[in-house]
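So the structure is just underneath, and the comments pick up after that.
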Amino acid sequence: MNPLRGMLLAASDSPWLRAQAERRRLVRRAVTRFMPGESLDDALAAAKALAAQRLGTILTHLGENVRDAAEARAVADHYLEVVRRIRDGALDAEVSVKLTQLGLDLGEVVAIENLARVADCARTLPGRLWIDMESSAYVDRTFGVLRAVRDRHPRLGVALQAYLYRSAADLETLIASGTSVRIVKGAYREPASVAMPRKADVDDNFFRLCVRLLAEDARGRGAWLTAGTHDSALIARIAAAADAAGVPRDAYEFAMLYGIQRLEQARLAAAGHRCRVLVSYGSYWFPWYMRRLAERPANVLFVLRGVFGH
Ligand code: FDA
């Protein structure tokens, strides 16, 4: 792993750095490049603006590793409000949750109970309800919660990380149950024993996983591909493979993060592809923002000045 990427991912776990960053105006300003604001209203306004460009949205309230049961329950309550606001606004918006924010560290039962409440409510929307994939220590438990809640929501989907060696096998299980899958490269600090260290291998695996999801038998079972990447070369390869196999452009979609590759997002929509933008909001942005920096360390100097400067 690139040493700077490793450092940034290590920093993402530091409560001290988080406290420092949250206090600095310069850092907060830098963060706005990746999120429209901290409130749900900010996120919904962004979703409306994106809809005008024929871009759908995925909304996520930032937070992870919640270790207080009442707080985890409050997160689920918040998502019920999000679903209500999406429905009232007739927005083409989906929701994505992190299970550790819904209490997974307190036990699977807590996360299942909270996710089930969100699922019961979100099934009234036409779109999908997504589960983010967190670090490798959570993968089995994430699938356990998914299995427990699957019957509550017909379009419950999960992210799958192309950097993990295990993902090709996991994908077969997900396809067999007709699950929606968001393929992503993977954003956490993982040892080489579980995650491919070479970017070229991750990119190839990403492509293979997407092609597998586009196959007729996978689609026939109800599985769905959302390719979550900003990698234009990979996007072009996936679109070409889908066209060559005769897969209609509305039978899969691309997804990107708010503020990244805006031109590519617009280009895809104009070319008749489905494209969603994941809009994050909330005050707990530090670990999430550090992962974004680790993906592209170009802005790091500017941000460090904001953290340590006077
Ligand atoms: P790559 O890192 O190769 O970047 C390709 C190009 O995109 C770069 O050259 C650059 O131009 C641009 N780019 C990428 N990241 C950028 C950044 N931060 N700032 C500026 N430009 C950037 N991860 C995870 O572990 N679990 C999850 O549930 C999710 N969910 C998720 C949803 C969606 C919709 C997306 C787009 C991503 C995720 N991720 C994720 C994050 C994912 O694992 C990965 O870390 C990032 O998408 C970066 O990888 P790329 O595929 O963009 O390719």
Side-chain angles (χ1 to χ4, degrees), residues 1-2 4-5 8-9 12 30-35 50 55-60 62-64 93-101 104 127-139 142-143 146 157-164 166-167 170 180-190 194-196 198-207 209-210 225-238 252-265 267-268 274-280 285 287-300 302-303:
M1 183 189 290
N2 167 323
L4 185 52
R5 177 171 149 78
L8 289 164
L9 290 178
S12 74
V31 173
T32 60
R33 189 195 144 185
F34 297 119
M35 60 184 242
L50 289 161
L55 293 165
T57 315
I58 304 171
L59 299 178
T60 197
L62 291 168
E64 47 201 81
E94 300 181 339
V95 166
S96 197
V97 300
K98 276 195 176 23
L99 292 184
T100 68
Q101 195 187 12
L104 186 56
R128 292 178 171 77
L129 171 62
W130 291 104
I131 304 174
D132 284 10
M133 189 57 82
E134 300 179 64
S135 66
S136 59
Y138 291 108
V139 175
T142 298
F143 289 139
L146 171 74
V158 68
L160 196 69
Q161 296 152 328
Y163 64 11
L164 296 184
R166 59 176 289 173
S167 288
D170 288 333
S180 296
V181 185
R182 184 171 79 217
I183 305 291
V184 299
K185 289 191 186 177
Y188 294 82
R189 189 162 47 124
E190 300 288 359
V194 301
M196 301 168 195
R198 285 185 55 229
K199 179 172 156 44
D201 294 335
V202 178
D203 292 354
D204 278 348
N205 198 38
F206 190 112
F207 178 71
L209 295 171
C210 290
L225 165 67
T226 294
T229 183
H230 316 97
D231 187 331
S232 306
L234 203 43
I235 289 169
R237 248 177 110 192
I238 294 160
Y252 65 100
E253 72 187 359
F254 295 102
M256 299 188 207
L257 303 181
Y258 180 86
I260 303 182
Q261 298 279 53
R262 287 173 199 245
L263 288 178
E264 180 75 359
Q265 294 169 11
R267 191 193 64 74
L268 283 169
R274 291 173 62 122
C275 184
R276 281 188 187 278
V277 176
L278 192 148
V279 176
S280 301
W285 42 260
W288 168 85
Y289 180 58
M290 292 306 274
R291 290 196 292 272
R292 302 290 80 79
L293 287 183
E295 286 154 8
R296 196 158 188 264
N299 280 338
V300 167
F302 171 74
V303 175

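What you are looking at is a predicted structure, and each value in this text was computed from that prediction instead of being measured. Start at 1 and go down the list; that is how both ligands and their atoms are numbered.
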### Query
So which heavy atom in the protein is nearest atom 33 (C) of ligand 1, and how far is it from that ligand atom?
Leu257 CD2, 3.7 Å
### Task
Only one of Arg182, Arg276, Glu253 passes side chain to side chain donor-acceptor pair (under 3.5 Å) with Thr226; say which it is.
Glu253
### Query
Judged by non-hydrogen atoms, does Arg182 sit under 4.0 Å from ligand 1?
yes
### Message
I want to check something: taking the side chain as every heavy atom from C-beta on, are Tyr138 and Thr100 in contact at a cut-off of under 4.5 Å?
### Response
yes
### Message
When you compare ligand 1 with Arg292, is there at least one nitrogen or oxygen pair between them that comes in under 3.5 angstrom?
### Response
yes
### Asp204 and Met196, any side-chain heavy atoms less than 4.5 Å apart
no
## Note on the structure
re atom 9 (O) of ligand 1, the protein heavy-atom contact at minimum distance is Arg296 NE, 4.7 Å
### Message
When you compare the side chain of Ile238 with that of Phe207, does any pair of heavy atoms fall below 4.5 Å?
### Response
yes
### Query
What's the shortest distance from atom 7 (O) of ligand 1 to any protein heavy atom, and which residue and atom give it?
His230 CB, 3.2 Å
### Task
Check ligand 1 against Ala255 and write out every atom of the ligand that is under 4.0 Å from a heavy-atom position of the residue.
34 (C), 36 (C)
### Task
Identify, by atom number and element, the atoms of ligand 1 in contact range of Asp132, meaning under 4.0 Å from any of its heavy atoms.
28 (O)
### Query
Is there side-chain contact between Glu64 and Asp132, with heavy atoms separated by less than 4.5 Å?
no
### Query
So which heavy atom in the protein is nearest atom 1 (P) of ligand 1, and how far is it from that ligand atom?
Lys185 NZ, 3.5 Å
### Message
Can you report which non-hydrogen protein atom sits closest to atom 17 (C) of ligand 1, along with the distance?
### Response
Ile260 CD1, 3.4 Å
### Message
Using a 4.0 Å cut-off to any heavy atom of Met256, which atoms of ligand 1 qualify?
### Response
36 (C)
### Query
Is Leu293 close to ligand 1, meaning an N/O of one under 3.5 Å from an N/O of the other?
no
### Query
If only atom types and distance count, is the side chain of Glu94 paired as donor or acceptor with the main-chain N or O of Trp130 below 3.5 Å?
no
### Summary
Within the 4.0 Å heavy-atom cut-off, what Tyr188 brings close to ligand 1 is side chain
### Query
Is there a side-chain contact between Glu264 and Phe254 (heavy atoms, below 4.5 Å)?
no
### Message
Between Leu164 and Asp170, is there a side-chain heavy-atom distance shorter than 4.5 Å?
### Response
no
#### Entry: Minimum-distance protein heavy atom relative to atom 50 (P) of ligand 1
Thr229 OG1, 3.5 Å
### Query
So do the side chains of Val181 and Leu209 get within less than 4.5 Å of each other, counting heavy atoms only?
no
### Message
Considering non-hydrogen atoms of the protein only, which is the closest contact for atom 25 (O) of ligand 1, and what is the distance?
### Response
Gln161 NE2, 2.9 Å
### Task
Indicate yes or no: at least one non-hydrogen side-chain atom of Leu62 is less than 4.5 angstrom from one of Met35.
yes
Let me check something: any side-chain donor-acceptor pairs from residues 255-262 under 3.5 Å, sequence neighbours excluded? List them with distances.
residue: Gln261; atom: NE2; partner: His230; partner atom: O; Å: 2.7
residue: Gln261; atom: NE2; partner: Ser232; partner atom: OG; Å: 3.4

### Query
Which residue owns the protein heavy atom closest to atom 26 (N) of ligand 1, what's the atom, and how far is it?
Met133 O, 2.8 Å
### Task
Considering only protein heavy atoms, determine whether one is less than 4.0 Å from atom 45 (O) of ligand 1.
yes
### Summary
Taking only non-hydrogen atoms of Ala159 and a 4.0 Å limit, the atoms of ligand 1 in range are 28 (O)
### Summary
Correct closest heavy-atom pair for Ser167 and Leu160 would be O-CD2, 3.6 Å
### Message
Does the residue Lys199 have a heavy-atom contact with ligand 1, meaning some pair of atoms that are separated by less than 4.0 Å?
### Response
yes
### Message
Is it the case that ligand 1 has an N or O less than 3.5 angstrom from some N or O of Ala187?
### Response
yes
### Task
Go through ligand 1 atom by atom and flag the ones less than 4.0 Å from a non-hydrogen atom of Asp231.
3 (O), 5 (C)
